Every structure is written in structure tokens, then in C-alpha cells.
Amino acid sequence: MRDLFDDIDIDDIGHDVTLAPGAMLLGGFARSRESALITEVHAIAERAPFRHLITPGGHRMSVAMTNCGNVGWVSDHRGYRYDAIDPDSGRPWPTMPDVFVALARDASAKTGFMDFRPDACLINRYEPGAKLSLHQDKDELDLDAPIVSVSLGLPATFQFGGFKRSDRPERHRLRHGDVVVWGGPSRLAFHGVLPLADGEHPLLGRQRINLTFRKTR
Ligand code: MD3
Ligand code: FE
């Protein structure tokens, strides 16, 4: 029997697990596409380099971010928003690669969200120690569309809470190739990532990359 202090730990590739109503983990779903995904992340980062954004409160985020797609998520002293222009370059974000579009579509369809067409992909880069505090994703206009997340590289401990910041979160391990579709009631749940433990991944070295596909409008 699982008690309050047990973390949920699912490491079987190909095992699909419902984490919460509307939230489904597809274990290892992206593994067969890993090389193409990583090649595209490198290509995007050449044109729109990873950067540490500043929160509206003036803090530098430990996670480095970039985007591809029609719009990208940005943060500065004015607030959070989706913008068609990369503020660092003054140019549009790189186009979303076909392998990204297909993965988001295939994963969401597998969990029952048909015809998911994201217009944004936020790419997070975690180096050892980087973390993401508990937050909700609610800058998107279409909250009926799911968010699809793809984990690559080093494993991380993901926190998944309730609808109030004070709800005690569950912990889940997210590993290279795992895909999670967050829709329905879980779409507005609080979530975060604990500080990344150091390690060495055969394809990505000392980092974790997370892709999140979003329909923002
Ligand atoms: C649950 N990223 O970019 S992915 C984010 O690992 C973000 O980089 C984390 O939270 C990461 O906003 C977590 C899993 C995830 C993404 C979006 C969600 C879980 C979610 C939106 C609603 C509920
Ligand atoms: Fe989030």
C-alpha cells in the first residue's frame, strides 16, 4: 500500500499511467524519435539561443528557455506573455519542426485529444540545480486544449499538485523520452520541477530538456 511518503516511480517504457483525471503519462513515447528531436532542439537554439528570463518580480529564472512556433512564451519586468517576436533577436521564433508537430499530435490523439495543433513550443533547459517553482499555466486563451510535455536527457522529479498552491503535491519521476498529456481537469493544476540532480546523459550530457506544446489562441 502506498503511504503519504512514497513517491510514485514508474520506469517501464511503454507503460501508460493516468496521473490524475486528464493527465496521462506515456512512458518512453518519444524515444523512437529522440535523435530527430534533439537535432531540431540544437538547430532552434542556434537561431534563438537559450536565455534566462527575468520574472516580473525581478528574479532570474534558473531554467534557460527558448521557443519555436508562431508564438513564444516570454517574461520580463512587464509580465508574462506569448509573443510572435523573439525579444533577443527582434525576429520571429524558429518554425515548429514537423517532427515536433507530429509528436504532439500523435501523443495527444493517443489520450483522446484529437487534432491538437499547437502554435507554441516552449523549450526549457535544466542544468544541475535548476528548478521550476510550483505554478499554473494559464497564459493560454484556449484552456480546453491540452499541454503536451516531452522530457529529454537527465531525469527530473516533477511535482503535481492540486488547484490551490497549498495542496500538497505528488512527486513523479520524468525520464528521457517520457511524454505527458495534461488536459481536462488537470490543465490548471499547480506543478513544478525539483532542483535537477547532476548526472550524465548519453545524448544530452549534464542537462534536461523539456518541450511543452501549447495552443495559445
Ligand atoms: C501540468 N515545465 O514549461 S512539464 C512549463 O519539466 C513547465 O519543464 C515543466 O511546467 C518542465 O510550464 C513541467 C509538465 C507540465 C507542463 C505543463 C502543465 C505539466 C503541466 C500544465 C498544466 C498541468
Ligand atoms: Fe508549467
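Counting starts at 1 for both ligands and their atoms, following the listed order. Nothing fancy with the numbering, it's 1 onward along the sequence. Note that the structure is a prediction, hence the values are computed from the model and not measured.
Within the 4.5 Å cutoff, side-chain heavy atoms of L37 are placed close to those of V99. By the 4.5 Å heavy-atom criterion applied to side chains, F160 and S186 are counted as neighbours.
For the pair NE2 of H191 and NE2 of H135, the angle at the Fe ion (ligand 2) is about 90°; rounding is to 10 degrees.
In terms of modelled atom types and a separation under 3.5 Å, the side chain of Q136 and the main chain of L188 share a donor-acceptor contact. Between the side chain of R208 and the main chain of L196, no donor-acceptor pair closer than 3.5 Å is present.
Rounding to the nearest 0.5 Å places CG of L25 at 9.5 Å from CZ of R175.
Protein heavy atom nearest atom 21 (C) of ligand 1, with residue, atom name and distance: H191 CE1, 3.4 Å. Protein heavy atom closest to atom 6 (O) of ligand 1, with residue, atom name and distance, is R208 NH1, 2.9 Å. Among all non-hydrogen protein atoms, the one lying nearest atom 23 (C) of ligand 1 is S186 O, 3.3 Å. Closest to atom 7 (C) of ligand 1 among all protein heavy atoms lies L132 CD2, 3.5 Å. The closest protein non-hydrogen atom to atom 13 (C) of ligand 1 is F158 CE1, 3.6 Å. The shortest contact between atom 2 (N) of ligand 1 and any protein heavy atom is with N124 ND2, 3.5 Å. Here the protein heavy atom with the shortest distance to atom 11 (C) of ligand 1 is Y126 OH, 3.0 Å. Nearest protein heavy-atom neighbour of atom 22 (C) of ligand 1: R187 O, 3.1 Å.
Electrostatic pairing of D16 and K110 counts as a salt bridge here, judged by a charged N lying under 4.0 Å from a carboxylate O. Using a 4.0 Å cut-off between a side-chain N of Lys or Arg and a carboxylate O of Asp or Glu, D198 and R206 qualify as a salt bridge.
When you scan the N, O or S atoms of D137 for the one nearest the Fe ion (ligand 2), you land on OD1.
Residues satisfying the ring-ring contact (aromatic ring centres under 6.0 Å, His included) test with H59, not counting sequence neighbours, are none.
Using cut-offs of 30° and 60° on the angle between ring planes, the pair F100 and F213 is perpendicular.
Of the listed options F190, W73, W182, F160, W182 places a heavy atom closest to atom 20 (C) of ligand 1.
Considering K131, R171, R173 in turn, R173 is the only one that fulfils the side-chain hydrogen bond (donor to acceptor under 3.5 Å, both in side chains) rule with T157.
When every heavy atom of S151 is checked against every heavy atom of L174, the shortest pair comes out as OG-CB, 3.7 Å.
Here H135 has side-chain heavy atoms under 4.0 Å from ligand 1, and that is the only part of it that gets that close. Proximity of V63 to ligand 1, defined as any heavy-atom pair under 4.0 Å, is not found for any part of the residue.
Taking every non-hydrogen atom of V193 and a distance limit under 4.0 Å, the qualifying atoms of ligand 1 come out as 6 (O), 9 (C), 11 (C). Counting atoms of ligand 1 from 1 in the listed order, those under 4.0 Å from a heavy atom of S149 are 4 (S), 14 (C). Close approach of ligand 1 to N210 is summarised as follows: ligand atoms under 4.0 Å from at least one heavy atom of the residue are 2 (N), 4 (S), 6 (O), 8 (O), 11 (C). Residue-ligand proximity, L122 to ligand 1, at heavy-atom distances under 4.0 Å covers atoms 3 (O). Contact atoms of ligand 1 toward T212: 3 (O), 16 (C) (distance under 4.0 Å to a heavy atom of the residue). Set against the non-hydrogen atoms of I147, the atoms of ligand 1 under 4.0 Å away are 17 (C), 21 (C).
Look at V180 and you'll find every heavy atom at least 4.0 Å from all atoms of ligand 1. For R214, the closest heavy-atom approach to ligand 1 falls below 4.0 Å.
A ring-centre distance under 6.0 Å is found for W182 and F158.
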message: Between W73 and D139, is the side-chain hydrogen bond (donor to acceptor under 3.5 Å, both in side chains) condition met? List the steps.
response: CA-CA 9 Å; W73 188 84; D139 299 328; 2.9 Å; yes
